[in-house]
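All values below were derived from every heavy atom in this structure, side-chain atoms included, with hydrogens, water molecules and symmetry-related copies excluded.
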Amino acid sequence: MSRSDGMTNVLWLQGASCGGCTMSILESGASGWFDELRQFGINLLWHPSVSEETGEEAIEVLQSVLDGKVRLDLLLLEGSVARGPNDTGRFNMLAGTGRSVYRWMLDLAPRADYVIAVGSCAAFGGVPAAGSNPTDAVGLQFEGSDSGGALGAGFRSRLGLPVINVAGCAPHPGWMMETILALTTKDIAATDLDGYGRPKFIANHLAHHGCSRNEFYEFKASAETMSERGCLMEHLGCKATQAVGDCNQRSWNGGGSCTKGGYACIACTSPGFEGAQNFLETAKLAGIPVGLPTDMPKAWFVALAALSKSATPRRVRLNATADHVVVPPGRATPKGKP
């Protein structure tokens, strides 16, 4: 309970959540997340899934923070805030406390130096907010792409920052831990966040960058069914050219990513991603994908796509619709040699 000198106190709560963000961060660090926390002088006050304290012990931790007896450096929420019914939050109670997660967040957030929304549910509402949203699930400071959310658009933490949104479903463990570490040293300012409160070290990249299928993308050589090696954008719903994140530049669990594993990017770092009617089918208008690269005029893309397809090498075209390499790269013939 007591805070050692030089330690950073972190409190992690869970709202309407599948627990995937916790599962992701447990893989952080070469020897695991808990060892990494110790190495960087971070004291995990309480986490509902991994802490030993339960019942009255857990309530004592929360109440000590609320009473100001224990300093709260970082407050993290995983999962969306279920405000229903009728703004009571009682659809999502914090067991044993008699209070909703919504009310706990309203009381604790102003006491924290920084508040972090862990994952797209906590950031924007995410999957629990999909469809008719009967639980009135929202993010901490956004409701979809609209500012507001559970804490309100004007909320600022004790050190003057809005909610930091480490979006993703689930976020990369490195995104979460690097954000935590940057805040422990006060290395994130308001100017280091994008318009959706996402750290720019994540948001200044696209999931498309570093994709192993980029040769197929450049020639618009597209896969037609799952398991094929071609670009997934034209037919199979991939939104990597529109989704922020360095997913294909830093591997997950040593070597993976969605597109490398054969699955389309669903833009899980973006508000409203959960509203897609079919994650594995590209929405089109007059045969042209509705979602095109974020910073490229549609007319230019259509023109370049037609030109690229006309120049597609036979090797790339045939490999795009196969589940293995059927035509290897040819050997270049030195100039002047037969």
Side-chain angles (χ1 to χ4, degrees), residues 9-22 45-51 53-56 58-68 70 72-158 161-167 169-171 176 196-197 271-272 274:
N9 278 346
V10 173
L11 177 63
W12 182 305
L13 298 182
Q14 288 177 320
S17 166
C18 68
C21 301
T22 291
L45 288 172
W46 190 67
H47 183 301
S49 295
V50 302
S51 293
E53 295 89 353
T54 59
E56 292 182 359
I59 295 173
E60 184 183 353
V61 174
L62 297 173
Q63 196 62 47
S64 295
V65 172
L66 196 59
D67 294 342
V70 175
L72 181 56
D73 297 297
L74 280 77
L75 174 62
L76 288 77
L77 178 71
E78 171 185 6
S80 59
V81 180
R83 296 183 300 187
N86 302 318
D87 205 47
T88 65
R90 293 188 65 83
F91 279 137
N92 186 197
M93 302 294 287
L94 186 54
T97 68
R99 307 178 68 211
S100 65
V101 172
Y102 179 28
R103 295 300 171 190
W104 275 109
M105 289 303 300
L106 290 178
D107 290 342
L108 290 171
R111 296 185 175 278
D113 285 353
Y114 302 106
V115 178
I116 304 175
V118 180
S120 291
C121 293
F124 310 121
V127 174
S132 60
N133 192 10
T135 62
D136 194 20
V138 295
L140 280 175
Q141 205 163 17
F142 279 87
E143 184 172 354
S145 58
D146 298 326
S147 60
L151 298 180
F155 169 81
R156 296 296 181 270
S157 65
R158 190 160 53 192
L161 284 190
V163 175
I164 296 106
N165 289 324
V166 186
C169 188
M176 292 181 275
Y196 287 120
E274 69 281 352

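- Between the CD atom in E274 and the SG atom in C169 there is a gap of 9.0 Å [rounded to 0.5 Å].
- Counting heavy atoms from C-beta outward, L62 and L94 have side chains that approach closer than 4.5 Å.
- Using a 4.5 Å cut-off on side-chain heavy atoms (C-beta onward), L13 and L108 make contact.
- Closest approach of L77 and A122 over heavy atoms only: O-CB, 3.2 Å.
- Put simply, CG on L75 and CG on L140 are 8.0 Å apart, with the number rounded to the nearest 0.5 Å.
- Counting only heavy atoms from C-beta outward, the side chains of T22 and Q14 approach each other to under 4.5 Å.
- Considering all non-hydrogen atoms of both residues, V127 and C121 come closest at N-SG, 3.7 Å.
- L76 is not listed as a side-chain neighbour of V166, based on a closest heavy-atom distance of 4.5 Å or more.
- Atom OG of S157 and atom CG of D73 lie 11.0 Å apart (nearest 0.5 Å).
- The side-chain hydrogen bond (donor to acceptor under 3.5 Å, both in side chains) pairs that include a residue from residues 88-106 are D87-Y102, T97-W104, R99-D107, where partners are two or more places apart or lie in different chains.
- Proximity of a side-chain donor or acceptor of R158 to a complementary backbone N or O of L72 within less than 3.5 Å is detected.
- Judged as a side-chain hydrogen bond (donor to acceptor under 3.5 Å, both in side chains), the pairs with a partner in residues 126-152 (not counting sequence neighbours) are, in order, R83-D136.
- With a 4.5 Å cut-off on side-chain heavy atoms, P271 and F142 do not count as touching.
- The main-chain N or O of F124 is never found under 3.5 Å from a side-chain atom of N165 such that the two would form a donor-acceptor pair.
- Side-chain contact between F155 and P162 is absent, with no heavy atoms from C-beta onward closer than 4.5 Å.
- Of the possible donor and acceptor atoms, one in the side chain of W46 sits under 3.5 Å from a partner among the backbone N and O of E53.
- Atom CG of N86 sits in a sparse spot, with 12 or fewer heavy atoms from other residues, nucleotides or ligands closer than 6.0 Å.
- Minimum heavy-atom separation, A137 to S80: CB-OG, 3.6 Å.
- Judged purely by atom type and a 3.5 angstrom limit, S120 has no side-chain atom pairing as donor or acceptor with the backbone of A167.
- Of all the heavy atoms in S17 and G79, the pair that sits closest is CB-CA, 3.6 Å.
- The shortest distance between side-chain heavy atoms of V101 and V81 does not fall below 4.5 Å.
- Residues W12 and V118 are in side-chain contact: their nearest non-hydrogen atoms beyond the backbone lie under 4.5 Å apart.
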